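To start, the structure itself, in structure tokens.
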Amino acid sequence: MDATTLLDWYDIHHRDMPWRVPPAARKAGEVPNPYHVWLSEVMLQQTTVAAVRAYHTKFTALWPTVEDLAAADDADVMAAWAGLGYYARARNLLKCAREVTARGGFPNTEAELLTLPGIGPYTAAAVASIAFDRKATVLDGNVERVMARLHAIEEPLPDSKETLRTLAAERTPDARPGDYAQAVMDLGATICTPKSPACGICPWMKGCAGRIAGIAAELPRKRPKKAKPTRLGHVYIARRPDGATLMETRPPKGLLGGMLALPTSEWTDAPSPAPPLEAGWREIGEVRHTFTHFHLILTVWTAETLAAETRGHWVDQADPGDLPTVFAKALRLAL
DNA sequence: CAGTCGTGGAC
DNA sequence: TGTCCAAGACT
């Protein structure tokens, strides 16, 4: 029921990831690459390991060092991030890479890391511990869940967050803080899962108050969420005879900010007017997509050519892979 | 502080 | 099909 028990479990059940140094290699003196660790932690924010793997591999191949990333074109980085979601992360990733490069490398303390763009309390603790072996307590969704169950905390999130943070800090060991941080999160991801936790094989089952009380699977409690509204709009795919597609770069802030996109109408609660048919627009179907806080239904229109575009620019080889998913869906419908 | 900000997989 | 949710940050 202590950190050593968990580290023993981690030594056996460690999961390989492209950015990780396995515990055996770390004990032999191998040091993590801070750039790889930072990149992985930003990508992993609210995102599954399965989704991150390919993107992490792609990014380190395109930009092997943080200096390479700092020198990249914004549009190339946004295109490479397309499909991973939460695009403010990509914008902050570039800002952070440029700051780190300007100051000659990553800072190696939690407090200094916290001052960088896109690095909040979780990521600062994760990079400090994993990349630099500093004692720091990570508090992510996994750790919140594990602590809530171990101590049978019934107060709902987010009210209980600071209590959970204190409990997590009390358990953090002086030795192997990086491995420990990854071990707690792995425990949450593989054993202490949100639904039907595998308490029977948990290295911390002895003394878990939530398991003993029979309420582990119900924790952590959470305040009810708001319902998602549905918004409606139109998306326009204009193609030239040579195959070029009219696209635009979205404004630098807000939803899908800075991303390459197809032109659309406003997205409203009530249906908006269809485009004038004399302009040659043809309806080819609809696309449904759900964002974090609303559903979206877009009517998809195509036209062979427009006399003169009023906005955007022509892209010769439109690639759905360079677009946020909602636009990739619409483009695939037209192709 | 509560709202904003994506996506795909699990159930 | 709908709901939940994943290694959160920013405003």
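Below, chains carry the letters A, B, ... as their sequence lines are ordered, and counting in each starts from 1. If you're wondering where the values come from, they're calculated on a predicted model, not measured in any experiment.
Atom CG in Leu296(A) sits about 14 Å away from atom C1' in dT7(B), given to the nearest Å. One can place OH of Tyr55(A) at 10 Å from C1' of dG6(B), the figure rounded to the nearest angstrom. Between Glu144(A) atom CD and dG8(C) atom P there is a gap of 9 Å when expressed in whole angstrom units. With rounding to whole Å, Phe291(A) atom CZ is found 17 Å from dG2(C) atom P. The OH atom of Tyr87(A) sits 17 Å away from the C1' atom of dG8(C) (whole-angstrom rounding). Rounded to an integer number of Å, the gap from Gln45(A) CD to dC10(C) P is 8 Å. Remark: P of dC5(C) and NZ of Lys225(A) are 4 Å apart, rounded to the nearest angstrom. Atom pair Lys161(A):NZ and dA2(B):P shows a separation of 13 Å (rounding to whole Å applied).
Here the side chain of Tyr122(A) is nearest to one of dG6(B), dA6(C), dA9(C), namely dA9(C). For His289(A), taking side-chain heavy atoms from C-beta onward, the closest of the listed nucleotides dT7(B), dT4(B), dA6(C) is dT7(B).
Distances shorter than 4.0 Å separate some side-chain N or O of His293(A) from OP1 or OP2 on dC5(B). OP1 and OP2 of dG6(B) both lie 4.0 Å or more from every side-chain N or O belonging to Arg89(A).
Looking at heavy-atom distances under 4.0 Å, Gly83(A) makes contact with sugar-phosphate atoms alone, never a base. At the heavy-atom level, Leu256(A) lies under 4.0 Å from the strands shown only through sugar-phosphate atoms. The residue Gly188(A) sits apart from the nucleic acid: no heavy atom pair falls under 4.0 Å. As judged by a 4.0 angstrom heavy-atom cut-off over every strand, Val49(A) is placed among the base-contacting residues. Among the heavy atoms of the strands lying under 4.0 Å from Pro121(A) are primed sugar atoms or P, OP1, OP2 only; no base atom is included. No engagement by Met259(A) is indicated, since no non-hydrogen atom pair under 4.0 Å with the nucleic acid exists.
Residues of residues 318-325 of chain A that place a heavy atom closer than 4.0 Å to DNA chain B, in numerical order, are Pro324(A), Thr325(A).
For the pair Arg211(A) and Trp204(A), the NZ or CZ position fails the cation-pi test of under 6.0 Å to the six-membered ring centre and within 45 degrees of the ring normal. Annotation: cation-pi pair Arg240(A)/Trp314(A) present, NZ/CZ under 6.0 Å from the ring centroid and within 45° of its normal. Geometric assessment of Arg250(A) against the ring of Trp267(A) yields a positive cation-pi assignment under the 6.0 Å and 45° thresholds.
Between the side chain of Thr123(A) and the base of dG8(C), no donor-acceptor pair under 3.5 Å is found. On a pure distance criterion of 3.5 Å, a polar donor-acceptor pair joins the side chain of Tyr86(A) and the base of dG6(B).
For the 3.5 Å distance criterion, the side chains of Asp68(A) and Thr65(A) qualify, holding a donor opposite an acceptor. Between Glu266(A) and Thr268(A), the side chains place no donor N or O within less than 3.5 Å of an acceptor N or O (distance only, hydrogens not considered). His234(A) and Trp301(A) form a side-chain donor-acceptor contact under 3.5 Å, judged by distance and modelled atom types alone.
Comparing Gln46(A) and Arg223(A), the nucleotide of DNA chain B nearest to each residue sits closer to the 5' end for Arg223(A). Between Asn92(A) and Arg20(A), the residue whose closest nucleotide on DNA chain C is further toward the 5' end is Arg20(A). Residues Arg15(A) and Ile119(A) both approach DNA chain C. Their nearest nucleotides, taken by heavy-atom distance, put Arg15(A) toward the 5′ side.
Side-chain atoms of Arg311(A) do not come within 3.5 Å of backbone N or O of Pro263(A) as any donor-acceptor pair.
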Q: Evaluate salt bridge (charged side-chain N to carboxylate O under 4.0 Å, His left out) for Arg20(A) paired with Asp186(A), printing each intermediate quantity in order.
A: CA-CA 13 Å; Arg20(A) 275 190 171 179; Asp186(A) 277 13; 2.9 Å; yes
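Remark: Arg103(A) CZ is packed, more than 12 non-hydrogen atoms of other residues, nucleotides or ligands lying under 6.0 Å away.
Nucleotides dG8(B) and dA9(C) place their P atoms 22 Å apart, quoted to the nearest Å.
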